[in-house]
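The structure under discussion appears below in the form of structure tokens.
Numbers here are sequence positions counted from 1.
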Amino acid sequence: MLDHSELLVVGECVADIVRLPDQEDRVHPGGSPANVAYGLARLGHRATLLTQLGPDGNGRLIREHLASAGVTVRTDGATAATPSAAVTLDGDGKATYAFDISWTLAPVAVEPAPGHVHTGSIGAVVQPGAATALDVVRAARATATVSYDPNVRPDLMGDHEAAVRRVEECVQLSDLVKASDEDLAWLYPGEEPEKVAARWLEHGPAVVLVTRGGDGALAVLPGGRITVAAASVDVVDTVGAGDAFMSGTLHALAAHGLLGAGARKRLHTVDRDTVTDALRHAMASAAVTVSRAGANPPDAAELREALGLN
């Protein structure tokens with residue numbers, strides 16, 4: 001049974017301009033937080049995205065895309081151009097990004113009070129908007145659990161040492177953190193991802209998840225580590241895979257009644273079987289997404305099918 005409390009996502013929307021050799025550019029709605037909100041709505045949750053969208057073609061495309069899944073879009077009324085990213089895919093469908101983005105989110109009243117807040121990526125590090133995003137998170141902790149995905153974009157992170165401090169501040173505010181092994185390699189060169197996850201665990205989160213591409217994913221929690229293998233799937237591209245992993249994780253935790261401030265204590269003592277179930281949902285969600293073009297996560301029926309539950 002789903003937990004239908006309000007889920008708030010705070011962060012950027014980005015028009016992903018996908019470029020392939022000898023093909024016309026294709027524009028896909030994107031932005032890591034927007035993808036998470038879209039994925040949650042596709043899975044049947046009431047999701048609100050607090051973001052910025054320009055009054056242009058890309059902004060209309062993204063707004064319509066989000067609305068098609070049932071996402072409620074809240075903006076601060078800014079009229080700057082919608083952020084964009086040139087996405088280049090290699091022969092294996094792996095994406096690299098070149099951004100044209102600003103993030104100036106101004107304070108906006110958040111009503112009703114959310115039961116869970118997710119933030120991350122550009123929206124949590126690029127100023128001045130990042131300060132507003134973190135203020136929203138701090139204020140929401142009275143009613144909400146918090147998740148965070150650094151989704152590191154090196155070209156936008158600024159000074160490395162300052163970026164690490166900002167990421168660690170977000171980790172300390174969070175109950176659940178997800179990062180890729182590539183994120184951690186940029187933040188802490190030469191350190192083992194599992195050791196970084198264990199260190200982060202000491203500063204606030206109940207669980208730290210690390211995605212490892214084709215090598216699956218691991219969870220680090222006070223009781224030790226859990227690993228799951230990647231599903232066998234023909235990869236079209238990896239755009240949005242980590243975001244689908246995040247929405248799949250939150251979907252599973254909601255089903256276990258582990259979102260919301262009233263569930264915080266239980267989340268921080270979660271058992272291994274529950275975390276394993278969340279990882280299975282996350283990996284299945286990501287597998288569906290990489291099997292088709294763009295950030296196109298599964299709906300609830302597709303996720304059940306991917307899990308072999310239909």
Side-chain angles (χ1 to χ4, degrees), residues 11 32-33 35-36 39 94-95 118-122 124-125 145-154 157 160 163-233 235 238-253 258 267-268 270-290 297:
S32 175
N35 292 341
V36 172
K94 187 174 180 180
H118 174 77
T119 193
S121 193
I122 296 163
V125 295
T145 41
V146 176
S147 57
Y148 169 64
D149 176 3
N151 192 45
V152 168
R153 300 299 184 220
M157 299 297 284
H160 184 268
V164 171
R165 287 197 302 269
R166 290 195 299 270
V167 167
E168 291 177 346
E169 180 181 7
C170 294
V171 169
Q172 291 170 13
L173 287 170
S174 301
D175 301 289
L176 172 71
V177 176
K178 171 256 168 189
S180 70
D181 52 1
E182 293 180 342
D183 293 336
L184 299 181
W186 187 87
L187 290 164
Y188 307 101
E191 292 195 47
E192 289 293 325
E194 186 175 343
K195 291 183 178 179
V196 174
R199 187 167 68 245
W200 279 1
L201 196 71
E202 297 174 356
H203 295 284
V207 182
V208 177
L209 308 176
V210 180
T211 58
R212 303 184 294 181
D215 293 326
L218 68 88
V220 178
L221 58 161
R225 71 195 294 267
I226 301 168
T227 60
V228 293
S232 178
V233 61
V235 175
T238 62
V239 177
D243 307 321
F245 182 99
M246 189 77 247
S247 57
T249 299
L250 294 176
H251 176 68
L253 293 178
L258 291 173
L267 180 58
H268 280 253
V270 66
D271 62 81
R272 294 175 63 87
D273 287 346
T274 300
V275 175
T276 300
D277 183 62
L279 282 173
R280 287 182 59 250
H281 279 75
M283 292 300 296
S285 181
V288 172
T289 303
V290 302

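- Taking all atoms of both residues into account, the shortest heavy-atom contact from Leu187 to Val164 is O-CG2, 3.6 Å.
- Distance alone, capped at 3.5 Å, places no donor-acceptor pair between the Asp243 side chain and the Val36 backbone.
- Between His118 and Met246, some side-chain heavy-atom pair lies under the 4.5 Å cut-off.
- In this structure, Phe245 and Thr289 have side chains that are not in contact, with every pair of non-hydrogen atoms separated by 4.5 Å or more.
- The two residues Arg166 and Val125 have their closest heavy-atom pair at NE-O, 3.2 Å.
- Here the NE2-CG distance, from His203 to Leu173, works out to 13.5 Å after rounding to the nearest 0.5 Å.
- For Asp277 and Thr274, the side-chain atoms include no donor-acceptor pair closer than 3.5 Å.
- Distance CG/Leu258 to CG/Leu250: 11.0 Å, rounded to 0.5 Å.
- Counting only residues at least two apart or in different chains, salt bridge (Lys or Arg N to Asp or Glu O under 4.0 Å) contacts with residues 196-209 comprise Glu191-Arg199.
- A side-chain donor-acceptor contact under 3.5 Å links Asp183 to the backbone of Val152.
- Between Met157 and Ala163, the shortest heavy-atom contact is O-CB, 3.5 Å.
- For the side chain to side chain contact (heavy atoms under 4.5 Å, CB included) criterion with Leu209, the lone passing option out of Leu221, Leu176, Asp149 is Leu176.
- Taking the six-membered ring where the residue is Trp, His281 and His251 present tilted rings, their angle falling between 30° and 60°.
- With Val220 as reference, Leu201 is the one residue of Val275, Val177, Leu201 to meet the side chain to side chain contact (heavy atoms under 4.5 Å, CB included) rule.
- Side-chain N or O atoms of His160 include one that pairs as donor or acceptor with a backbone N or O of Trp186 at under 3.5 Å.
- Atom NZ of residue Lys178 and atom CG of residue Asn151 lie 6.0 Å apart, to the nearest 0.5 angstrom.
- Here the closest non-hydrogen pair linking Pro193 and Asp181 is CG-CB, 4.3 Å.
- Considering every non-hydrogen atom in both Pro33 and Gly120, the closest pair reads CG-O, 3.9 Å.
- In terms of heavy atoms, Gly39 sits closest to Pro297 at CA-CG, 3.7 Å.
- We find the OH-CD distance between Tyr148 and Glu169 to be 9.5 Å, quoted to the nearest 0.5 Å.
- Ser285 is listed as a side-chain neighbour of Ser247, based on a closest heavy-atom distance under 4.5 Å.
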Exercise. Would Val210 and Trp200 count as a side-chain contact (heavy atoms from CB on, under 4.5 Å) if you check the C-alpha gap in whole Å, the side-chain angles of each, and the deciding distance to 0.1 Å?
Worked result: CA-CA 12 Å; Val210 180; Trp200 279 1; over 6 Å; no
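- A salt bridge (Lys or Arg N to Asp or Glu O under 4.0 Å) check over residues 208-229, counting only residues at least two apart or in different chains, returns the pairs Glu194-Arg225.
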